[in-house]
Amino acid sequence: MPELPEVETIRQVLIGKRAGEPSLLGQTIIGSSLFWSRTLATPSPDVFKSFVKGRTIVDVNRRGKFLIFILDEGYLIVHLRMSGDLRKASNLGSPRTVEPVLPHDRAYLHFATGWGLAFNDPRKFGRLWLTPDPQQVLKHLGIEPTDPQLTPEEFHQMLHTARRQLKPLLLDQSFLAGIGNIYSDEALFQARLHPRRTSDTLSETDSAELLIAIRHVLELGIQHNGASIDWVYRGGAFQNYFQVYQQTGNPCPNCGTPIERIVISQRGTHICPHCQTLQPEKN
DNA sequence: AGCATTACCCGCACGC
DNA sequence: TGCGTGCGGGTAATGC
């Protein structure tokens, strides 16, 4: 379920930033349960279990679509991929429990307070890493879209250096970290740019508007607690504000032309064929 | 050579 | 029942 806004929403819920939510901060882990071993990218289950026991959660950060649990020693990194979810629960049992509470529960952390954290992931694409050095996992990531150091001039330069189709470029986590299929479609629509447009054909104005659009849709997503689509992830409302994503056949909010669905890089892509032209406009 | 692009793959649930 | 689709991304093959 995760793009940057959904992951950020989950982070805020986990650290108790939302009213009435208990916080993971300060919780001591008394043990763990693992129901699907491939959920654990590294280390081995035995090393994981012995190391994580007794650790305290100091903070929870986010980088791109990754969640980073800062422990008193080491880091637990989580990527939810397509269908992963994290939930706080008081019914996870003890570390000796072997039966998952819910279908598709893949791993638990059990806290000294009696409750715990469950990682649920129907499609089994999500991964956990326990590492002494987060850079081992995160080093390939590009800049955060909201980083103030990312100026319009810098972004324009990046687009011209890359020389790639805009949509696959925005989905490339080494270019910008955190954008996925929904927010790339929404940002490209807001900037009135065709997803197949080559990145080095953008004018300085185009680049600046794309950066504004990216930041705007991400911020809007966070404001609405992310998007809830399909059967995964609950609580978000950004799906009610989609302009083009999953709007195939519906009128473009800008010009009324029916939204079209095309496929780029194996990903469903939604555009207004009238507002988002492939060729740069001639003056 | 070195990119950029494309194909395929990975479990599972859901809608048509 | 069967098929297409999917909030992701790694790897391998192919193309320029």
Side-chain angles (χ1 to χ4, degrees), chain A residues 1-11 35-42 62-67 77-86 100 102-107 119-129 136-142 145 158-188 195-201 214 217-218 220-222 224-242 244-249 261-270:
Chain A
M1 0 159 298
E3 294 182 41
L4 190 157
E6 290 75 30
V7 176
E8 178 60 23
T9 300
I10 291 171
R11 185 187 79 85
F35 307 110
W36 174 257
S37 61
R38 282 163 61 187
T39 287
L40 194 53
T42 189
R62 181 193 56 74
R63 178 80 170 89
K65 304 173 190 173
F66 291 83
L67 283 168
I77 301 180
V78 179
H79 198 303
L80 303 168
R81 289 282 182 93
M82 289 290 269
S83 63
D85 192 14
L86 289 169
L102 291 182
H104 314 308
D105 278 354
R106 307 303 178 196
F119 178 72
N120 186 280
D121 186 20
R123 293 179 69 177
K124 298 178 176 174
F125 294 163
R127 291 293 181 268
L128 312 179
W129 295 258
Q136 295 288 324
V137 182
L138 308 173
K139 60 186 174 191
H140 70 285
L141 292 177
M158 287 166 60
L159 290 166
H160 277 246
T161 302
R163 296 187 188 216
R164 293 172 57 189
Q165 293 180 12
L166 288 174
K167 167 106 178 194
L169 186 58
L170 293 184
L171 293 179
D172 185 341
Q173 301 301 297
S174 68
F175 183 71
L176 292 180
I179 299 171
N181 209 33
I182 294 175
Y183 294 91
S184 62
D185 280 8
E186 293 295 319
L188 288 169
R196 283 197 193 278
R197 178 91 173 266
T198 305
S199 61
D200 63 346
T201 66
I214 288 168
V217 297
L218 291 175
L220 209 56
I222 293 172
H224 294 286
N225 302 325
S228 306
I229 63 170
D230 293 340
W231 77 102
V232 268
Y233 188 63
R234 305 137 318 267
F238 185 59
Q239 68 278 8
N240 300 322
Y241 300 86
F242 289 165
V244 289
Y245 189 82
Q246 282 190 338
Q247 303 304 309
T248 309
R261 179 186 177 278
I262 60 179
V263 176
I264 301 177
S265 305
Q266 322 296 115
R267 310 299 301 275
T269 299
H270 308 78

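In what follows, chains are A, B, ... by sequence order, proteins preceding strands, each numbered from 1.
- Contact annotation: the side chain of A/Asp121 never approaches that of A/Met82 to less than 4.5 Å [non-hydrogen atoms, C-beta and beyond].
- Rounded to whole Å, the distance from NZ on A/Lys139 to P on C/dG10 is 12 Å.
- Here A/Gly226 lies out of heavy-atom contact (under 4.0 Å) with every strand.
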Worksheet item: Taking only Watson-Crick and G-U wobble pairs with both distances under 3.5 Å, what dot-bracket line describes DNA chain C, where [ ] shows pairs that cross earlier ones and | shows pairs with another strand?
Response: .|||||.|||||||||
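- Between A/Tyr241 and A/Phe238, the ring planes are parallel. Angles under 30° get that label, and only those over 60° would be called perpendicular.
- The backbone N or O of A/Ser228 lies less than 3.5 Å from a partner atom in the side chain of A/Gln239, making a donor-acceptor pair.
- Looking only at side-chain heavy atoms (C-beta outward), A/Arg62 and A/Leu4 come within less than 4.5 Å of each other.
- To the nearest 0.5 Å, atoms CG (A/Leu170) and CZ (A/Arg164) are separated by 10.0 Å.
- Computed from coordinates, the A/His270 NE2 to C/dG6 P distance equals 6 Å when rounded to whole Å.
- The CD-C1' distance, from A/Gln165 to B/dA4, rounds to 9 Å in whole Å.
- No contact: A/Ser265 has no heavy atom under 4.0 Å from any strand.
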What N/O pairs connect the protein and nucleotides 9-16 of chain B at under 3.5 Å? Give each pair on its own line.
residue: B/dC10; atom: O3'; partner: A/Arg38; partner atom: NH2; Å: 3.2
residue: B/dG11; atom: OP1; partner: A/Arg38; partner atom: NH1; Å: 2.6
residue: B/dG11; atom: OP1; partner: A/Arg38; partner atom: NH2; Å: 2.3
residue: B/dG11; atom: O4'; partner: A/Arg123; partner atom: O; Å: 3.4
residue: B/dG11; atom: O3'; partner: A/Lys124; partner atom: NZ; Å: 3.4
residue: B/dG11; atom: N7; partner: A/Arg123; partner atom: NE; Å: 3.0
residue: B/dG11; atom: O6; partner: A/Arg123; partner atom: NH2; Å: 3.1
residue: B/dC12; atom: OP1; partner: A/Lys124; partner atom: NZ; Å: 2.8
residue: B/dA13; atom: OP1; partner: A/His104; partner atom: NE2; Å: 2.6

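- At a threshold of 4.5 Å between non-hydrogen side-chain atoms, the residues A/Leu159 and A/Phe175 count as touching.
- In this structure the side chain of A/Val7 reaches within 4.5 angstrom of the side chain of A/Leu67, judged on heavy atoms.
- If you measure from atom CD1 of A/Ile182 to atom P of C/dT5, you get 17 Å, rounded to the nearest angstrom.
- Protein atom CG of A/Leu169 is 9 Å distant from nucleotide atom P of B/dA4, rounded to whole Å.
- Between A/His79 and A/Phe66, the two ring planes are perpendicular [angle over 60°; tilted spans 30° to 60°].
- When only modelled atom types and interatomic distance are considered, A/Ser174 and A/Asp172 share a side-chain donor-acceptor pair under 3.5 Å.
- A/Gln246 contributes no side-chain N or O that, together with a main-chain N or O of A/Val244, makes up a donor-acceptor pair within less than 3.5 Å.
- In this entry the distance linking CD1 of A/Ile264 with P of B/dA4 reads 17 Å, nearest Å.
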Response to the item:
Heavy-atom contacts, protein to nucleotides 11-16 of chain C, under 4.0 Å, summarised as B (base), S (sugar-phosphate only) or - (none) per nt, yield ------
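- B/dT5 atom P lies 12 Å from atom CZ of A/Arg163, rounded to whole Å.
- Among the nucleotides B/dA4, C/dG8, C/dG6, the one closest to the side chain of A/Lys65 is C/dG8.
- Residue A/Gly180 comes nearest to A/Lys65 through the heavy atom pair CA-NZ, 3.6 Å, listed as atom of the first residue, atom of the second, then distance.
- A/Arg127 has its CZ atom 15 Å from the P atom of C/dG8, to the nearest Å.
- Atom CG of residue A/Asn181 and atom CD of residue A/Glu3 lie 7.0 Å apart, to the nearest 0.5 angstrom.
- Glycosidic conformation, C/dG10: anti, with the torsion outside 90° of 0.
- Taking atom P in both C/dG4 and B/dA7, one finds a spacing of 16 Å when rounded to whole Å.
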